[in-house]
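For reference, the structure is listed below as structure tokens.
Lettering follows sequence order; numbering is per chain, from 1. What you are looking at is a predicted structure, and each value in this text was computed from that prediction instead of being measured.
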2 protein chains.
Amino acid sequence: MNKQSIKLSVDAVVFGYEEGNISVLLIKRKYAPYKGKWAIPGGFVLNNESLEEAVERELHEETGIKISYLEQLYTFGNPSRDPRGRVVSIAYFGLVRPNAFQIFASTDAEQAQWFDIKELPELSFDHREILDIAIKRLQGKITYEPIGFELLDKKFPFSDLEKLYTTLLGRDIDRRNFRKKIVGLNVLDELDEKISKGSGRPAILFKFNQKRYFQLKKEGIIFEI
Amino acid sequence: MNKQSIKLSVDAVVFGYEEGNISVLLIKRKYAPYKGKWAIPGGFVLNNESLEEAVERELHEETGIKISYLEQLYTFGNPSRDPRGRVVSIAYFGLVRPNAFQIFASTDAEQAQWFDIKELPELSFDHREILDIAIKRLQGKITYEPIGFELLDKKFPFSDLEKLYTTLLGRDIDRRNFRKKIVGLNVLDELDEKISKGSGRPAILFKFNQKRYFQLKKEGIIFEI
DNA sequence: ATATATTTGCGTATAAAATACACATAATGA
DNA sequence: TCATTATGTGTATTTTATACGCAAATATAT
């Protein structure tokens with residue numbers, strides 16, 4: 001048997017959510033193959049780092065952002081997925097607030113940029129497939145796990161949470177029933193403050209009850225919106 | 001940067017279900033490390049085969065069984081998981097009827113054997129962790145996807161299906177409500193035959209309606225038993 | 001042959017959850 | 001002060017899940 005000559009890489013699909021928009025962080029490749037094309041950030045795993053360390057490092061090197069929790073998505077190993085030779089890639093994904101990060105390209109990336117999920121450029125390698133699988137997973141995830149804590153302001157009106165869900169689910173939900181459900185989970189603490197943005201009745205501000213929130217995440221609620 | 005020297009392997013967690021027992025297929029390692037110890041079947045990926053080809057090949061080589069659908073489970077990449085050096089392993093899992101296969105050990109395996117899931121031997125590498133994750137996944141899977149077609153006889157009494165579920169879930173279910181639910185899914189065709197095994201009223205035989213069954217699998221029903 | 005044990009087959013009542021739906025309130029701006 | 005806009009709330013209906021018990025058809029023991 002010939003010696004194994006397979007390279008191992010990691011890729012990070014980082015979604016950004018903000019005010020009704022979902023975006024994904026891409027880099028423009030500085031070197032061949034696919035030089036000048038957009039791609040999901042990622043790169044080769046070093047010999048002595050864990051996969052998680054690798055994906056966080058690559059993401060940081062190429063885009064300047066540092067994310068401490070990325071979830072493993074899937075491993076892509078089609079023998080012809082990389083023109084340079086056999087490369088198997090372990091894809092991770094995460095969801096963040098784009099404005100919480102200053103992005104700047106470096107190392108293998110000529111540029112790093114958020115793209116609206118509906119206006120994606122052509123992607124390198126099999127990255128379009130990876131992204132499609134990540135989107136599916138994101139949609140599934142939201143129905144069995146509470147999401148939001150990391151994506152909203154510390155204090156937020158209920159409508160922000162509602163918008164988050166309609167955006168991620170890609171469809172309308174009944175405002176009253178949604179509120180009842182969330183309130184029933186006891187995951188929100190009502191504050192004494194109100195916020196008024198433009199016309200309309202001012203909204204009460206809420207914050208997440210961290211303890212309860214992480215407890216729910218752990219339990220893995222089923223959350224039929 | 002040093003050249004990457006990471007090896008890539010695949011592992012197959014194959015569960016067997018039969019008459020109220022869940023087992024898992026293990027091999028006894030012929031060579032060091034962990035020589036003589038039990039392990040999940042698996043091995044290194046060849047340069048030109050896909051990951052799925054690799055895992056099916058290794059499983060066949062080591063245990064003699066040929067399974068065409070294994071689902072990707074998770075990728076394990078802890079730098080110290082293998083004493084020989086850095087080995088990243090992509091684990092797959094599947095569920096079969098043990099008696100449908102003739103197992104025989106070869107290549108790296110000194111022996112291949114089904115173990116009851118409650119009477120597992122000590123395992124090599126991080127295989128215990130892999131197995132635990134596979135078990136969790138199996139339990140989750142059964143609640144959002146119909147399972148059974150591949151695990152029961154072509155014609156079977158309802159009680160066989162019931163036993164399958166109680167076994168995989170590890171708890172009792174209400175016989176009447178379970179039957180109502182399954183019948184409501186229209187996934188079974190009632191036959192004109194009956195079967196009598198020992199004492200008790202003879203049972204009507206059913207078969208799965210293949211078309212409907214695979215449609216449900218595809219749709220991904222949520223199936224609160 | 002009769003009684004007993006065993007397994008299958010089935011229906012109904014109750015509780016819980018999901019859904020559908022409309023109007024009052026508190027602000028802004030013309 | 002009137003129109004507009006966004007927020008906040010309750011109730012009725014439908015659907016789904018759960019709880020629960022008894023009759024039918026067979027084998028086995030007496």
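Between B:I204 and B:G200, the residue anchored closer to the 5' end of DNA chain C is B:G200, taking for each the nucleotide with the nearest heavy atom. Residues A:N177 and A:G198 each lie close to DNA chain C; by heavy-atom proximity, the contact nearer the 5' end of the strand is made by A:N177.
In this structure, CZ of B:R176 is placed 9 Å from C1' of D:dC22, rounded to the nearest angstrom. Computed from coordinates, the B:D174 CG to C:dT8 C1' distance equals 14 Å when rounded to whole Å. Taking atom CD on A:E190 and atom P on D:dT9, their separation rounds to 7 Å, with Å as the unit. Rounded to whole angstrom, the span from the CG atom of A:D160 across to the P atom of D:dG8 amounts to 11 Å. Rounded to whole Å, atom P of C:dT8 lies 17 Å from atom CD of B:E193. Atom P of nucleotide D:dT9 and atom CD1 of A:I182 are separated by 15 Å, given to the nearest angstrom. At whole-Å resolution of the value, CD1 in A:I195 and C1' in C:dT28 are 15 Å apart. The CZ-C1' distance, from A:R201 to D:dT7, rounds to 5 Å in whole Å.
Considering B:E52, B:E58, B:E71 as possible partners of B:Y92, the one that fulfils the side-chain hydrogen bond (donor to acceptor under 3.5 Å, both in side chains) test is B:E52.
Closest approach of B:L59 and B:L70 over heavy atoms only: CD2-CD1, 4.3 Å.
Between A:L26 and A:Q113, every side-chain heavy-atom pair lies at or beyond the 4.5 Å cut-off.
Residue-level contact check: B:R179 touches the backbone only, with heavy atoms under 4.0 Å from sugar-phosphate atoms and none from bases. At a threshold of 4.0 angstrom between heavy atoms, the contacts of B:K180 include nucleobase atoms, whether or not backbone atoms are also involved.
Distances from the side chain of B:S199 to the nucleotides C:dT6, C:dG11, C:dA26 place C:dT6 closest.
Between A:K197 and the phosphate of D:dA6, there is no side-chain N or O to OP1/OP2 separation shorter than 4.0 Å. The shortest distance between the side-chain N/O atoms of B:S159 and the OP1/OP2 oxygens of C:dT8 is below 4.0 Å.
The main-chain N or O of B:E129 is never found under 3.5 Å from a side-chain atom of B:D126 such that the two would form a donor-acceptor pair.
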Checklist entry - Does the side chain to side chain contact (heavy atoms under 4.5 Å, CB included) test come out yes or no for A:D172 and A:E162, once each step is laid out? => result CA-CA 9 Å; A:D172 280 0; A:E162 199 187 309; over 6 Å; no

